[in-house]
Structure formats: C-alpha cells, structure tokens
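To start, the structure itself, in structure tokens.
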Amino acid sequence: MTDQIVEKVAVQTDESRNQSRRAFLKGSAAVAGGVMFTQAATAAEGAGYDAKKAVAPYAGKEEITNVLQDQAARKSLGFGVRKYPYGMPSPYEKEVQRRTLEWLTPDSMASITMTPLQQLHGIITPNGLHFERFHGGVPTINPDEHRLVIHGLVERPLIFTMDDLKRFPSVSRIHFVECPANGAMEWKGVQLNSVQWTHGMMSCVEYTGVRLSDLLKEAGIKPEGKWIIPEGADASGMSRSIPLDLAMDDCFVAYAQNGEALRREQGYPIRLVVPGCEANMWVKYLRRIMVHDVPMQHREETSKYTELMPDGTAQRFSWYMEANSVITYPSPDFKMQGPGKYYVRGLAWSGRGKVAHVDVSFDGGKNWKEAHFTSPVLDKAWTRFEVEWDWDGSEAFLMSRVTDETGYVQPPMPQMRNLEGTNNVYHRTAMVTWRVHAWENGKSGGMIENVQY
Amino acid sequence: MFNTKKSLVVASVAALFSGSVFAMSGSSDSNTASGEKIDGKYAANYAEIIKKADGKYLDKEVIEAILGKDAAYGRNGLEGKLDPANPYSFEVDDSIDGGNHGNAQCKIPAAFTEVHESVAKNFYNDDYTARGFGTPIAESALEKWNITVDGDGKGLPKAGVGMTVEEGGKVYVQFCGMCHGEFGEGAKGYLALAVEEDLVTSDFTDPAPMKAVGNYWPYAVTLFDYIRRTMPFWTPNAPYIGDAGYLGMTGYILQSNYIPINDEGEELAEDTFFDSAMLMKMNKYMPNQGNFFCDHRPVIHNARCMTNCDKTQVGDGTGNIENYRQARKLPDGTPQYNVPQRLHEDKPGVGHAGM
C-alpha cells in the first residue's frame with residue numbers, strides 16, 4: 001500500500017459539500033412553505049441562487065468612487081524572455097525566506113534554517129524554501145565524479161555512477177521530511193511567535209529516484225545482513241544505522257526534488273529518502289551504503305537523536321515521526337481583520353501513513369469541528385486542511401488535532417509533558433495553541449499569540 | 001510527578017526472561033479468542049485484531065484489546081514494551097543483541113503490519129535478477145572510504161596503534177581545545193565533551209541537563225568513530241592526526257570523563273598506552289550504557305473526542321483554558337514577535353504575508 005501513491009481526494013470534502021447542499025435544500029423547502037419540490041436538485045439550485053440576496057452582506061458598505069488610474073505595469077512593456085533563464089519570485093516576495101535563529105547553534109556550518117510555513121500554500125515546498133540542516137556545511141559536488149557504493153554483507157559489492165542510477169526504473173513520490181528537533185524549542189514553554197519557528201524544520205516535496213530495495217537486491221544481500229548504514233560524502237560523513245525491514249519498505253535514493261535535480265542544501269547529487277522517518281536518516285550526498293549485521297551506534301543515534309526522560313533514561317532508535325498538525329492561518333504571523341468568517345487552514349502529516357481526520361478547536365480543546373482536506377491525501381505527506389470559523393471577536397484558543405490512518409490521535413501538550421518530561425529535545429509532537437486576542441474594536445491589534453498549556 | 005523508567009529496569013529483566021516463554025506459548029496457541037491475553041501480557045491473535053480494525057494498530061481500542069486497558073498507556077504500557085515479544089515492542093531479545101553491555105539493537109514492532117507488508121513484497125516475495133547497471137568493486141578498493149567502526153568495535157585500527165593518554169592530550173589541546181575547551185568543558189558556545197551533570201530532573205521547569213560523553217554516551221567506541229570521521233571540525237579525518245592520534249585523543253577525552261577501565265573503577269593514567277584494545281575494554285564501563293531503551297512511542301492513546309471533551313484533554317489538563325504560558329513580553333505588555341519590524345508595528349490586517 002505504501003508502495004504506490006494513491007491519490008484520494010478526501011471523502012470529507014464531498015461529504016461537507018453534500019451536507020451544505022442538503023441543508024440548503026431543506027432551507028428552500030421551508031421557505032416555500034412546505035410545498036413539495038420533486039425537481040432535480042440542479043433545478044432547485046438554479047432557482048435558489050438569488051443574485052440580489054447573495055450580495056446582501058455588502059449592503060451599507062461605502063463604495064469607492066475615485067476613478068482608478070492605470071499603473072506603471074499598464075503603461076510600459078515588461079521585461080522580455082530570457083532575462084532570467086532561471087526564474088525567481090517577484091521582488092515583492094522577498095520577505096518569504098528561510099530563517100534561522102543565531103542562538104540555536106554556534107556555527108553556520110552545523111546549523112538549521114526553517115521553512116516559512118505561514119507563507120506556503122498547498123502541500124509542496126518550493127526548492128528554494130526547503131529547510132536546511134547540515135553538520136558540516138554544504139558541499140558542491142560534481143555529479144560526474146560522484147559515486148554510490150553498496151558493499152558489506154552483499155554477494156557482489158557494486159559502484160554506480162549517477163547515470164547508472166538513472167537507468168533504473170524510477171519512482172516519484174511526494175513526502176514530508178521533518179527534523180525530529182522540529183518544535184524542540186517549545187518543550188519547556190513557548191518561546192517563539194511564528195509557525196516558521198515552531199514547525200519550520202520540515203518541508204514536503206516530490207522526490208524522484210531509484211527504489212532502495214532494487215539497489216540492495218542488485219548487490220544481493222546476504223542472510224546475515226540485517227542493517228544498512230548509509231553515509232554521506234560531505235565533511236560530516238553523516239551515518240546512521242537503519243534496519244533492513246525499514247530499508248526494504250518504501251525507501252529510495254532520490255536524484256530529483258520537485259522536478260529538478262536536488263538542491264545542494266538537500267544533498268545534491270543524491271540523497272536517501274526514508275519516508276515517515278527522522279530527516280537525519282535521509283542521508284544527503286549519499287556515497288556509500290554498507291550492509292551490516294549489527295547497528296553502528298554512531299554519534300547521530302546515541303549522543304544525538306535520542307530522547308532523555310525525566311528519570312535519566314533515554315529513548316533510542318526513535319525512527320518514526322509521529323502524526324502532527326498545525327494551523328498556519330491564522331497563526332502568529334497574521335492579524336485578525338475583525339469579527340466574521342475565517343477559513344482556518346493548516347497542515348497535517350504522519351510518519352506512519354495517511355492523515356485520516358483533522359479536527360480544529362476554538363476553545364482550547366473542549367469542542368472540535370472536523371476540517372476537510374483541500375489537497376490530495378497522500379501517504380507520509382503533508383495534507384492541507386481547512387475549516388470554516390465564525391469569529392465573534394472574543395478571545396479564542398485555536399488548536400488542530402490530527403488522527404492518522406493507524407488510529408493514533410495527536411495528544412495535548414500537558415499529557416505529553418507528563419509522560420515524557422521536557423528534556424527530550426526531539427519528537428515534540430503534541431498540539432500547539434494559538435491564542436486569538438479579543439477584538440475589542442481592534443484594540444488588541446488583532447493579535448494572534450503562541451501560548452502553551 | 002513524572003513517569004519513571006529507571007525503576008522499570010529491574011522489572012524488565014524479569015520480564016525479558018519470562019517474555020520468551022510467553023512468546024513460545026503464543027505461537028503454539030495461535031487460535032486464542034479475540035482479546036485474550038497470554039498470561040495477561042498481550043493477545044496472541046493481535047494480527048487478526050488489527051486486521052479486523054482496518055489496520056488501525058494505534059487506535060485506543062485496538063491497543064487496549066491487544067495489550068489490556070492498563071498496559072496500553074504510559075508507564076504500564078512501557079513496561080510491557082520492554083518485553084521483545086510484545087507486538088508493540090521495539091526491543092530485541094538480549095540473547096541476540098548482547099543486552100545493555102553489548103551492541104544493543106532495536107527492531108520494528110510486529111504490530112506495524114504496514115511495514116512488513118511492503119518489505120515482504122519488495123524483498124522476500126520478489127524474484128529479482130540484477131539489471132547489471134553497476135560495476136563490481138573489490139572491498140579492498142574501499143579502504144579509504146570505509147572508516148566505519150561498529151558497535152562491537154569491528155573496524156577499529158589494530159591493537160598496538162595508539163599513544164599514551166598524555167600524548168593524546170597534547171594532540172587534543174592543539175586541534176580541539178579552542179572549540180571544546182582544554183578539558184572538554186566547552187568553549188565559544190561549542191559543545192562540551194565532559195560535564196558532571198545529573199540527567200535526572202524532578203520538575204518540568206528544571207534546566208535541561210547537559211549531555212556529554214561521560215554522563216550520556218552509551219558507547220566509548222562511538223567517540224573514536226565520530227572524531228576520526230568528522231573532527232577537527234574544519235579539517236575532518238586529518239591525515240596529520242592519523243589513527244594513533246585519534247586513538248590518543250579518544251583516551252584523553254575518556255579520561256576527562258572519568259570512565260573506569262576495570263571493575264575496580266580504576267581510571268586511565270597519563271602514561272597508559274591507549275589503543276583499540278583498551279578502548280574496547282572500557283566500552284562496557286560507560287556509566288550510562290544501561291539507561292537506553294528502544295523507542296516506545298506512542299505512549300499516549302487517546303480516543304478522538306468531538307464535544308465536551310474530558311477535562312484531562314482540555315486546556316492545562318484540568319479543563320482550565322485560561323491557564324497558559326506565554327513567550328517573553330515587550331515592555332508594553334504585548335507578546336514579542338520574532339519579526340517585530342514586520343509585524344508588531346503593522347496595523348490590524350492580513351499581516352505581512354498578505355494571504
């Protein structure tokens with residue numbers, strides 16, 4: 001099932017559409033004073049739309065009467081083709097950037113930037129906004145010189161050029177990639193008022209590459225081979241131990257992201273894709289896969305990427321990213337525009353499969369309303385949700401809660417803290433809360449604030 | 001206030017022994033009725049239960065049907081998951097992986113049916129013939145690339161390659177001290193390599209303990225692999241340091257962390273010759289080695305509630321939605337945003353992103 005992306009547009013979308021249509025039909029029947037309508041629904045709909053009534057909410061709003069002037073764009077020619085052989089966003093979008101917090105790491109060569117989730121739409125992260133995390137700077141590797149070796153407990157150690165890899169059957173899949181430290185700064189309370197800081201250590205792109213299972217089988221795994229150890233060609237020589245059961249599942253070696261070659265920041269020329277698992281395992285600049293009988297216990301699976309519990313014990317080999325969700329609009333980067341209707345939207349994802357439901361609460365978790373999906377619902381990928389909200393202008397506490405196809409329900413923060421303490425660093429996947437300040441005629445400035453229970 | 005795992009270590013040892021017995025009885029008696037636990041541990045027909053529930057192996061009711069109501073959650077759930085035979089356990093039988101003083105392993109739990117389905121399809125059930133697009137390569141050609149040392153010490157330089165701890169200290173001070181401190185205390189914001197901090201905390205608000213080689217790292221062999229692979233930061237795997245130098249520094253860092261070399265608790269002396277034999281001897285004396293557990297998540301199994309949810313699920317966990325904590329505030333009492341120039345001074349409206 002995970003082997004193939006089945007594009008399933010959420011049932012919820014149709015359901016909610018049908019629901020409103022049913023409500024509408026009921027309403028029109030009532031208006032007609034109990035007269036039975038036997039016509040097809042379409043006819044009823046045609047009769048039901050009343051243009052005058054539809055625009056009623058605009059009644060009484062002041063009309064603009066100043067004559068609109070032509071602007072510069074209308075009066076002179078724009079630039080011609082080939083000015084930008086590789087296109088860039090409009091200069092007006094220059095604020096849409098990856099950002100870092102200087103105090104997080106002592107060195108920009110072993111650091112992280114976060115994706116501006118508050119400014120993204122849909123489920124695809126543009127390549128230039130993909131979050132970055134590296135442990136030894138970004139190398140610029142010549143693909144003609146780059147090689148991938150598979151060796152160790154295999155029948156036939158092999159070396160591949162990048163052209164060799166592209167000869168293999170390819171797979172293209174959309175997956176999220178998330179650093180397990182996403183949200184780490186929020187274990188002991190809130191620090192940061194932006195979804196870029198609270199959840200930006202992740203992205204979601206379409207990868208194209210070669211099935212890892214094909215490559216491993218090409219070299220012939222010996223029965224004693226139980227683990228694979230992918231390793232990078234960069235200064236950090238990143239390495240992690242991955243059990244064969246995971247490697248043989250839906251992993252692949254990617255050479256492309258969003259239709260073009262991987263960016264250097266994401267592992268050019270090739271990286272490992274380990275869908276649903278900690279991004280640290282998705283070794284970039286991949287040059288070697290060693291098949292082995294035991295795990296390596298390397299630094300990135302002992303000193304780092306293990307979770308300290310309050311009693312001093314620690315959790316290791318925590319491969320899967322738990323289901324998680326966040327409201328991206330409205331969120332602390334935005335301001336409310338006054339009481340009224342809002343279409344609250346956000347992202348949900350699960351390292352264990354597809355998102356099944358997203359519910360949104362406006363009262364700190366007491367009551368929930370099911371959101372519908374506005375994107376395809378894909379395996380181990382971001383899913384975009386949206387839910388209608390009538391804001392009456394009073395203080396509100398917005399939370400989103402995902403349920404994935406395994407039946408796992410995202411927990412509230414106090415529950416996670418009670419069980420796991422606050423020193424884990426990684427895997428803080430409980431819900432976050434946006435506090436919408438009471439409107440009070442705009443006195444609050446329409447602020448939306450990150451708070452924690 | 002906290003759930004503790006340390007106290008479970010003792011219990012888990014007992015559970016591990018009895019665990020294999022349960023596993024055997026489980027397989028010989030696979031027709032157990034739905035939900036019936038094997039000696040109160042877990043339902044042997046868990047696969048059937050999961051299948052009936054449409055694959056929802058992490059659904060609260062499914063987990064409770066398999067592991068029992070109290071074993072499914074938090075501390076009790078954890079105890080059960082230390083038993084490798086538990087279908088939700090990531091642990092591997094100690095007799096296979098050497099337990100806490102060997103190269104401990106973890107696995108994907110049996111209940112994660114999805115994974116096993118794909119693996120079976122991609123591997124075991126597939127009769128694959130090589131396409132021949134690669135080029136054969138001799139293991140010996142990888143001599144330079146393959147500097148991997150495993151958890152059992154395979155891949156270490158031969159015994160006899162090394163230097164005294166004192167000599168190792170000199171190399172360390174020359175190439176590492178400026179970033180990690182002369183004694184591993186850390187410098188300029190770079191990581192400390194030796195700290196004497198207790199990893200146990202009693203309250204959520206306690207500062208997070210610092211973790212370094214001596215108080216946290218489970219294996220000493222990791223240190224050699226890592227520093228030879230990546231340090232010094234600007235010029236990793238430096239030929240002018242060489243295997244002898246990397247081993248000497250490993251000895252020096254272990255000494256700075258007071259790692260014992262034998263059961264008597266003796267420590268490395270300045271003139272101790274440090275090589276891979278000494279490293280492997282010390283590998284099992286890492287003080288924190290026994291405190292690591294395989295992933296046991298999720299430990300929280302909630303039902304999806306829609307209206308009037310239980311107060312434990314609402315606000316601060318007692319039903320109070322006004323008891324929240326905020327980020328630092330500005331002098332005027334308003335919350336601080338990270339890009340105040342873009343946001344705080346903006347008028348109410350759509351914000352800088354212009355939805």
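Chain identifiers are assigned alphabetically (A, B, ...) following the order of the sequence lines, protein sequences preceding nucleic acid strands; residue numbering begins at 1 within each chain.
A donor-acceptor contact shorter than 3.5 Å is absent between the side chain of B:K60 and the backbone of A:V409. For B:N103 (side chain) and A:P295 (main-chain N/O), a donor-acceptor pair under 3.5 Å exists by modelled atom type. Although no hydrogens or angles enter the test, the distance criterion places a donor-acceptor pair under 3.5 Å between the side chain of B:R297 and the main chain of A:Y320. For A:E218 (side chain) and B:G132 (main-chain N/O), a donor-acceptor pair under 3.5 Å exists by modelled atom type. Side-chain N or O atoms of B:R131 include none that pairs as donor or acceptor with a backbone N or O of A:P169 at under 3.5 Å. A side-chain donor-acceptor contact under 3.5 Å links B:N122 to the backbone of A:M248. Here the side chain of A:R156 pairs no donor or acceptor atom with the backbone of B:T135 at under 3.5 angstrom.
Between B:Y324 and A:Y453, the ring planes are perpendicular. Angles over 60° get that label, and only those under 30° would be called parallel.
For A:R287, the parts sitting under 4.5 Å from any heavy atom of chain B are the backbone and the side chain alike. Only the side chain of A:M290 comes within less than 4.5 Å of a heavy atom in chain B; its backbone stays farther off. Using a 4.5 Å cut-off between heavy atoms, A:R147 touches chain B through backbone and side chain atoms alike. Residue B:K188 touches chain A through its backbone alone, counting heavy-atom pairs closer than 4.5 Å. Contacts of A:D234 with chain B are absent, with no heavy-atom separation under 4.5 Å from either backbone or side chain. Contact annotation for B:L223: neither backbone nor side-chain heavy atoms come within less than 4.5 Å of a heavy atom of chain A. Using a 4.5 Å cut-off between heavy atoms, B:I63 does not touch chain A at all. Only the backbone of B:V149 comes within contact range of chain A, with at least one heavy atom under 4.5 Å from a heavy atom of that chain. Residue B:F90 touches chain A through its side chain alone, counting heavy-atom pairs closer than 4.5 Å. For B:A303, the part lying near chain A is the backbone, with the side chain staying farther off; criterion is any non-hydrogen pair under 4.5 Å. Only the backbone of B:N320 comes within contact range of chain A, with heavy atoms under 4.5 Å apart. Contact annotation for A:T306: both backbone and side-chain heavy atoms come within less than 4.5 Å of a heavy atom of chain B. Heavy atoms closer than 4.5 Å to chain A are found in the side chain of B:P236, but not in its backbone. Heavy atoms of B:Y128 lying under 4.5 Å from chain A belong exclusively to its side chain.
Put simply, the residue from B:W217, B:Y226, B:Y216 that forms a side-chain hydrogen bond (donor to acceptor under 3.5 Å, both in side chains) with A:S303 is B:W217.
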Let me check something: any side-chain donor-acceptor pairs from residues 105-113 of chain B under 3.5 Å, sequence neighbours excluded? List them with distances.
| unit_1 | atom_1 | unit_2 | atom_2 | d |
| --- | --- | --- | --- | --- |
| B:Q105 | OE1 | A:W227 | NE1 | 2.8 |
| B:K107 | NZ | B:P84 | O | 2.8 |
| B:K107 | NZ | B:E91 | O | 2.7 |

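B:Q326 approaches A:V190 most closely through the heavy-atom pair C-CG2, 3.3 Å. Contact between B:P298 and A:R352 at its shortest, heavy atoms only, is CD-NH2, 3.7 Å. Closest approach of B:T230 and A:S236 over heavy atoms only: CG2-O, 2.9 Å. The shortest non-hydrogen separation linking B:D150 to A:V294 is OD2-CG2, 3.5 Å.
The shortest side-chain heavy-atom distance between B:K211 and A:V425 falls under the 4.5 Å cut-off. The side-chain heavy atoms of A:H298 and B:D225, taken from C-beta on, include a pair separated by under 4.5 Å. Put simply, the side chain of B:Y73 reaches to within 4.5 Å of the side chain of A:L419, judged on heavy atoms. Residues B:D295 and A:F317 fail the side-chain proximity criterion, which asks for heavy atoms closer than 4.5 Å. Two residues are said to be in side-chain contact when any heavy atoms from C-beta on lie closer than 4.5 Å; B:H296 and A:M309 meet this criterion. In this structure, B:V299 and A:E420 have side chains that are in contact, with non-hydrogen atoms separated by less than 4.5 Å. By the 4.5 Å heavy-atom criterion applied to side chains, B:R325 and A:K188 are not counted as neighbours. For the pair A:K226/B:V92, no side-chain contact is recorded, criterion being any heavy-atom separation below 4.5 Å from C-beta on.
By the neighbour-count criterion of 12 heavy atoms within 6.0 Å, atom NZ of B:K154 is densely surrounded, having more than that number from other residues, nucleotides or ligands.
Between the side chains of A:R288 and B:T148, at least one donor N or O lies within less than 3.5 Å of an accepting N or O.
By number of non-hydrogen pairs under 4.5 angstrom with chain A, the leading residue of B:N146, B:D206, B:L191, B:L142 is B:N146. Ranked by heavy-atom pairs under 4.5 Å with chain A, the first of B:I300, B:T307, B:D198 is B:I300. Of the listed residues (B:G319, B:G155, B:G134), the one with the most heavy-atom contacts under 4.5 Å to chain A is B:G134. Between chain A and the options B:M306, B:E322, B:E139, the largest number of non-hydrogen pairs under 4.5 Å is found for B:M306.
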(request) For the pair B:F204 and A:N418, evaluate side chain to side chain contact (heavy atoms under 4.5 Å, CB included) and give the outcome as yes or no after the intermediate values. (result) CA-CA 9 Å; B:F204 307 135; A:N418 279 330; 3.3 Å; yes
(message) Set out, in order, the CA-CA distance, both residues' side-chain angles and the distance that settles side chain to side chain contact (heavy atoms under 4.5 Å, CB included) for B:E114 and A:T406, then state yes or no.
(response) CA-CA 10 Å; B:E114 194 75 22; A:T406 70; over 6 Å; no
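Figure legend: cation-pi geometry between A:R316 and B:F292 absent, as NZ or CZ is not positioned both under 6.0 Å from the six-membered ring centre and within 45° of its axis.
B:R229 has a carboxylate O that lies under 4.0 Å from a charged side-chain N of A:E231, or vice versa, which qualifies the two as a salt bridge.
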